[in-house]
Amino acid sequence: QVQLVESGGGLVQAGGSLRLSCAASGSISSLNLMAWYRQAPGKQREMVATIGSIGGTHYADSVKGRFTISRENANNTVYLQMNSLKPEDTAVYYCNVHSLSFSGAMDYWGKGTLVTVSS
């Protein structure tokens, strides 16, 4: 019922920028946490950035000062602006929505978009 579609990934040179987008559709509560995760080759999936319904944000230490997460609540879209990209940022980036309601909570994941940062 819920679909998350990421876009904006690609190949970029070190020092460059990319903006990822994730459009969520379906039965998603207005009370939710939207997030970006990433998984590099040979590594576990890690949290990159989160943003709550009222705009509170958290970032992984490795991306602080370089990445910015934002959202448009009207259309349930979350963005990740990535600046000063480094080769170690290379990973598949996944959009996540943690949807809260009185009856419980649900987690939804996009299928991912590949970001490759060349040296």
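These numbers come from the heavy atoms of this one structure, side chains and all, not from hydrogens, waters or symmetry mates. The residues of the chain are indexed from 1 along the displayed sequence. Just so we're clear, the structure is a prediction, and the values are computed from it rather than from any experiment.
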ring-ring contact (aromatic ring centres under 6.0 Å, His included) partners for Tyr37, two or more places apart: Trp109

Quick check for you: to the nearest 0.5 Å, what is the distance between Ile28 atom CD1 and Gln3 atom CD? 10.0 Å

When you measure from the side chain of Ser99 to the backbone N and O of Ser29, does any donor-acceptor pair fall under 3.5 Å? yes

Are Met47 and Val92 connected into the same hydrophobic cluster when the rule is that any two of I, L, V, M, F, W, Y join if their side-chain heavy atoms are below 4.5 Å apart? yes

Sidechain-backbone polar pair: Ser119 side chain, Pro87 backbone, donor-acceptor under 3.5 Å: no

Sequence neighbours excluded, the answer for side-chain hydrogen bond (donor to acceptor under 3.5 Å, both in side chains) partners of Ser101 is Ser103

Do Thr68 and Tyr59 have side chains that get closer than 4.5 Å, going by heavy atoms? yes

The side-chain hydrogen bond (donor to acceptor under 3.5 Å, both in side chains) partners of Lys43 (sequence neighbours excluded) come to none

Side-chain contact, heavy-atom cut-off 4.5 Å: Glu72 with Tyr79? yes

Tabulate below the donor-acceptor pairs under 3.5 Å that side-chain atoms of residues 10-26 make, not counting sequence neighbours, or state none.
from: Ser17; atom 1: OG; to: Asn83; atom 2: OD1; distance (Å): 2.9

Would you say that Asn96 contacts Trp36 through its side chain, given a criterion of any heavy-atom pair below 4.5 Å between the two side chains? no

Starting at CG of Asn73, measure out to OG of Ser30 and round the result to the nearest 0.5 Å. 8.5 Å

Residue set satisfying side-chain hydrogen bond (donor to acceptor under 3.5 Å, both in side chains) with Asp89, at least two apart, ordered chain then number -> Arg38, Arg66

Checking the side chain of Glu6 only, and the main-chain atoms of Cys95 only, is there a donor and an acceptor separated by less than 3.5 Å? yes

Taking atom types as modelled and ignoring hydrogens, do the side chains of Tyr93 and Gln39 form a donor-acceptor contact shorter than 3.5 angstrom? no

Go through it in stages, so that I can follow the logic: the residues are Thr90 and Val115, the test is side-chain contact (heavy atoms from CB on, under 4.5 Å), and I'd like the CA-CA distance, side-chain angles, deciding distance and then a yes or no. CA-CA 5 Å; Thr90 296; Val115 172; 5.9 Å; no

My understanding is that only residues two or more places apart in sequence, or in another chain, count here; which of them pass salt bridge (charged side-chain N to carboxylate O under 4.0 Å, His left out) with Arg45? none

Please test Val48 against Tyr94 for side-chain contact (heavy atoms from CB on, under 4.5 Å), starting from the C-alpha separation and ending with a verdict. CA-CA 10 Å; Val48 177; Tyr94 297 91; over 6 Å; no

So do Thr50 and Thr57 actually touch side chain to side chain, heavy atoms under 4.5 Å? no

Looking at Val2, Asp107, Asn32, Leu33, which one forms a side chain to side chain contact (heavy atoms under 4.5 Å, CB included) with Val97? Asn32

